[in-house]
Amino acid sequence: MAAPGLLLLLLPLLPLRARADEHEHTYQDKEEVVLWMNTVGPYHNRQETYKYFSLPFCVGSKKSISHYHETLGEALQGVELEFSGLDIKFKDDVMQTTYCEVDLDKGRRDAFVYAIKNHYWYQMYIDDLPIWGIVGEADENGEDYYLWTYKKLEIGFNGNRIVDVNLTSEGKVKLVPNTKIQMSYSVKWKKSDVKFEDRFDKYLDPSFFQHRIHWFSIFNSFMMVIFLVGLVSMILMRTLRKDYARYSKEEEMDDMDRDLGDEYGWKQVHGDVFRPSSHPLIFSSLIGSGCQIFAVSLIVIVVAMIEDLYTERGSMLSTAIFVYAATSPVNGYFGGSLYARQGGRRWIKQMFIGAFLIPAMVCGTAFFINFIAIYYHASRAIPFATMIYRAVWKVLLLVDPPVWCTPPVKHEGLFHPTPGNVAVCCICFFVILPLNLVGTILGRNLSGQPNFPCRVNAVPRPIPEKKWFMEPAVIVCLGGILPFGSIFIEMYFIFTSFWAYKIYYVYGFMMLVLVILCIVTVCVTIVCTYFLLNAEDYRWQWTSFLSAASTAIYVYMYSFYYYFFKTKMYGLFQTSFYFGYMAVFSTALGIMCGAIGYMGTSAFVRKIYTNVKID
């Protein structure tokens, strides 16, 4: 019974097509074709969207419609599909036809004027193909405002499939209070040679993503990798060879000469280098979460390279959530095994922290932004209130709350719990947590024994004074510069695809950048750790993690530059959404880089101390 239940929980995450013609993308002649109205919002604020009919647009006369299935990714991204009411049939042309009238009183006119002043645009869908249109425009003096009232649709078909949709807005009508505005549409069908598999190519922008500077940035980062790997190999091999020779020479001395000799270097801390890190519970949870984020990033990029995820609404987010839930054992394995090797005893608490560290960070940010979205009545408002409220009642009294205790509904759908919200909670408690428990148990039993090459001293060795640039704080601040330098050009393309109107599709570039980032991060943290140990400072665990994780600080600083100089965003909602989720992205990137840096450095430290003869 557990396996079918797990499958049912994960099914809403998958971008599967429902059994309806619009989802199978095949039509018979004269068969109904649905025009979905999605959202409307300011052009410069891509994430500030509202329901299309939150503006006083009118609906067509056709009321009946076949069902529609929404995925979890769509629900979380604020997709609000509503039927337009327009009568469209496959290969059936429609001349210009009035489908409704807008009674333009003062309030409705003010709503349209506000939308036009703020450059509102709207989005529609036909057979999953997006269409964009502008609400209206103002004259040169900004005194008179005009509404586009005529939607001229031109739909291309190839066989029994829709392969192209174009919208032309016409019928500019001046907004005058206390008048009636007629809304009209027309449909023109034309045969197209575009293949169904290639119908999304028109939305891609090869001139932007495959620009010479993109190739140059990859080449530049690749040369940085070669330089760093060569430099690290040369420095460490030559330096370590000298260290090994010096330590071997010291082994041949008698006790008197060794006591009189000037001993220094990383060998002197062999009795403390494998000492458990401070705050091992938090540290191991961060390492486990970072390993899981890396696994999710790698798998999602590979899936995106194989499948065109941009062709399905919300499929990228749905895939990422599904992969994150499925890779929870990775988190438990690496976090649990590290905590066991460091002598931790509260492994259940560590498991809970590791399992909910990233979900709590994401949900906490979303919960904060959700209050602003609710205030704005935005389509991205996730209805937490009633879901939590009803859950408390059911837990305490085992009944639904009475009507007189129900929170007031100020906006339609605002407090209504959707399957997407329930699915997210169920995934956290019934998928992520059990799988994390499995990984933790496996990690503790398979690799939880502390098999260090050196014995840990009972009394910690005092850390000698060193130059200021060898302090861990300085190393941490400088450690993220080179990893950030290897990815900051790609950050621009990723930011533009998310915050502007570009579809990111060059996942081969992203895979190369991920590999380059890993190599650069490991090389930098190894060098930083070597210098730290050579200064006889054995606090390398947190230093290696934080020096790599400091990449997140530079990414977040770059996001400020991008906001103020590359976008025209404005308003409390969009600004909070931008900086809130950029903080989540930067933190997740930092945790991933920190885990990568620590894992590489741990292998390096274990290697060098294995090859040294210790008394």
Side-chain angles (χ1 to χ4, degrees), residues 15 38-39 41-49 73-74 77-79 119-134 153-156 158 162-169 192-221 297 300-317 319-320 487-514 558-559 561-563 565-569 574 578 581-582 585:
N38 185 19
T39 53
Y43 176 79
H44 297 298
N45 294 353
R46 182 180 180 183
Q47 282 70 35
E48 184 184 339
T49 56
E74 289 179 344
Q77 288 183 330
V79 176
H119 307 286
Y120 271 44
W121 62 277
Y122 58 87
Q123 187 183 48
M124 307 183 296
Y125 282 98
I126 287 183
D127 195 55
D128 284 349
L129 290 174
I131 319 164
W132 294 274
I134 194 75
L153 292 168
E154 191 175 82
I155 306 176
N158 189 342
I162 296 175
V163 296
D164 187 31
V165 181
N166 291 296
L167 170 68
T168 304
S169 298
S192 176
D193 295 329
V194 177
K195 296 181 180 179
F196 178 79
E197 296 78 12
D198 302 330
R199 65 178 188 155
F200 273 87
D201 289 355
K202 63 176 288 187
Y203 301 102
L204 308 181
D205 192 354
S207 62
F208 176 76
F209 286 103
Q210 299 185 26
H211 194 273
R212 284 182 298 176
I213 193 169
H214 204 171
W215 287 100
F216 176 75
S217 68
I218 296 295
F219 177 77
N220 183 47
S221 300
S297 303
V300 170
I301 292 175
V302 171
V303 172
M305 291 172 63
I306 299 173
E307 298 287 338
D308 295 332
L309 296 181
Y310 55 82
T311 62
E312 297 286 341
R313 292 186 300 269
S315 60
M316 177 61 75
L317 181 58
T319 303
I487 63 170
F488 85 96
I489 295 295
E490 195 65 26
M491 288 294 102
Y492 169 75
F493 291 99
I494 294 174
F495 288 3
T496 303
S497 66
F498 188 80
W499 301 111
Y501 300 93
K502 302 287 184 182
I503 297 177
Y504 192 95
Y505 66 97
V506 285
Y507 290 97
F509 281 105
M510 187 179 288
M511 176 62 76
L512 287 175
V513 170
L514 180 62
Y558 176 73
S559 71
Y561 165 80
Y562 185 86
Y563 177 86
F565 295 99
K566 298 297 182 180
T567 71
K568 296 181 180 179
M569 299 179 189
Q574 184 66 29
Y578 177 86
Y581 282 107
M582 280 309 307
F585 171 78

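In what follows, residues are counted from 1 in the order of the sequence shown.
- Residues Y558 and Y492 keep their aromatic ring centres 6.0 Å or farther apart.
- At least one side-chain heavy atom of L129 sits less than 4.5 Å from a side-chain heavy atom of I162.
- Note that CE of M124 is 4.5 Å distant from CD1 of I131, once rounded to the nearest 0.5 Å.
- Between W499 and Y578, the gap from one ring centroid to the other is short of 6.0 Å.
- Among residues two or more places apart in sequence or in another chain, the side chain to side chain donor-acceptor pair (under 3.5 Å) test is passed with Y203 by none.
- No more than 12 heavy atoms of other residues, nucleotides or ligands sit less than 6.0 Å from atom NZ of K195.
- Evaluation of the side chain to side chain donor-acceptor pair (under 3.5 Å) rule for Y504 yields E490 as partners, not counting sequence neighbours.
- For the atom pair CG of L317 and CG of L309, the computed distance is 11.5 Å after rounding to the nearest 0.5 Å.
- A side-chain donor from one of N38 and Q123 sits under 3.5 Å from a side-chain acceptor of the other.
- For the pair V506 and H214, the minimum side-chain heavy-atom distance is below 4.5 Å.
- Summarising the geometry, atom NZ belonging to K568 is positioned 13.5 Å from atom OH belonging to Y563; distances are rounded to the nearest 0.5 Å.
- Put simply, CE on M491 and OG on S559 are 11.0 Å apart, with the number rounded to the nearest 0.5 Å.
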_Test side chain to side chain contact (heavy atoms under 4.5 Å, CB included) on R199 and D164; report intermediate values, then the result._
CA-CA 6 Å; R199 65 178 188 155; D164 187 31; over 6 Å; no
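- Between the side chain of E48 and the backbone N or O of Q574, no donor-acceptor pair lies under 3.5 Å.
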*CA sep, side-chain torsions, deciding dist, call: F509, F209, ring pair (Phe, Tyr, Trp, His ring centres under 6.0 Å)*: CA-CA 10 Å; F509 281 105; F209 286 103; 9.1 Å; no
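- I489 contributes atom CD1, which lies 12.0 Å from atom CD1 of I494 (distance to the nearest 0.5 angstrom).
- Enclosure of atom CZ in F216 is not indicated, since only 12 or fewer non-hydrogen atoms of other residues, nucleotides or ligands lie within 6.0 angstrom.
- For the pair L167 and G133, the tightest heavy-atom approach, listed with the atom from each and the gap, is CD2-CA, 4.0 Å.
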*Start with the C-alpha gap between M582 and F498, add the side-chain angles, then the distance that decides, and say whether side chain to side chain contact (heavy atoms under 4.5 Å, CB included) holds.*
CA-CA 11 Å; M582 280 309 307; F498 188 80; over 6 Å; no
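- Scanning all heavy atoms of the two residues, the minimum distance from A304 to M316 falls at CB-CE, 4.1 Å.
- Using a 4.5 Å heavy-atom threshold, the side chains of I126 and L153 count as touching.
- For the residue pair Y120 and P42, the shortest heavy atom distance occurs at CE1-CG, 3.6 Å.
- Contact annotation: the side chain of T311 never approaches that of D128 to less than 4.5 Å [non-hydrogen atoms, C-beta and beyond].
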_Show, in sequence, the C-alpha distance, side-chain angles and deciding distance for N158 and V163, and conclude whether the side chain to side chain contact (heavy atoms under 4.5 Å, CB included) test is met._
CA-CA 6 Å; N158 189 342; V163 296; 3.8 Å; yes
*List the steps and the verdict of side chain to side chain contact (heavy atoms under 4.5 Å, CB included) for M569 and H44.*
CA-CA 5 Å; M569 299 179 189; H44 297 298; 5.8 Å; no
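- Scanning for side chain to side chain donor-acceptor pair (under 3.5 Å) contacts around Y562 gives T496, with sequence neighbours left out.
- The CG atom of L514 lies 6.5 Å from the OG atom of S297; values are rounded to the nearest 0.5 Å.
- Other residues, nucleotides and ligands contribute at most 12 non-hydrogen atoms within 6.0 Å of the OH atom of Y43.
- The minimum heavy-atom distance linking F200 with P130 is given by the pair CE2-CD, 4.0 Å.
- T49 approaches R46 most closely through the heavy-atom pair CG2-O, 3.4 Å.
- Just one of W121, W132, F208 meets the ring-ring contact (aromatic ring centres under 6.0 Å, His included) condition when paired with Y501; it is W121.
- Side-chain contact annotation: T168 with N166, donor-acceptor N/O pair under 3.5 Å absent.
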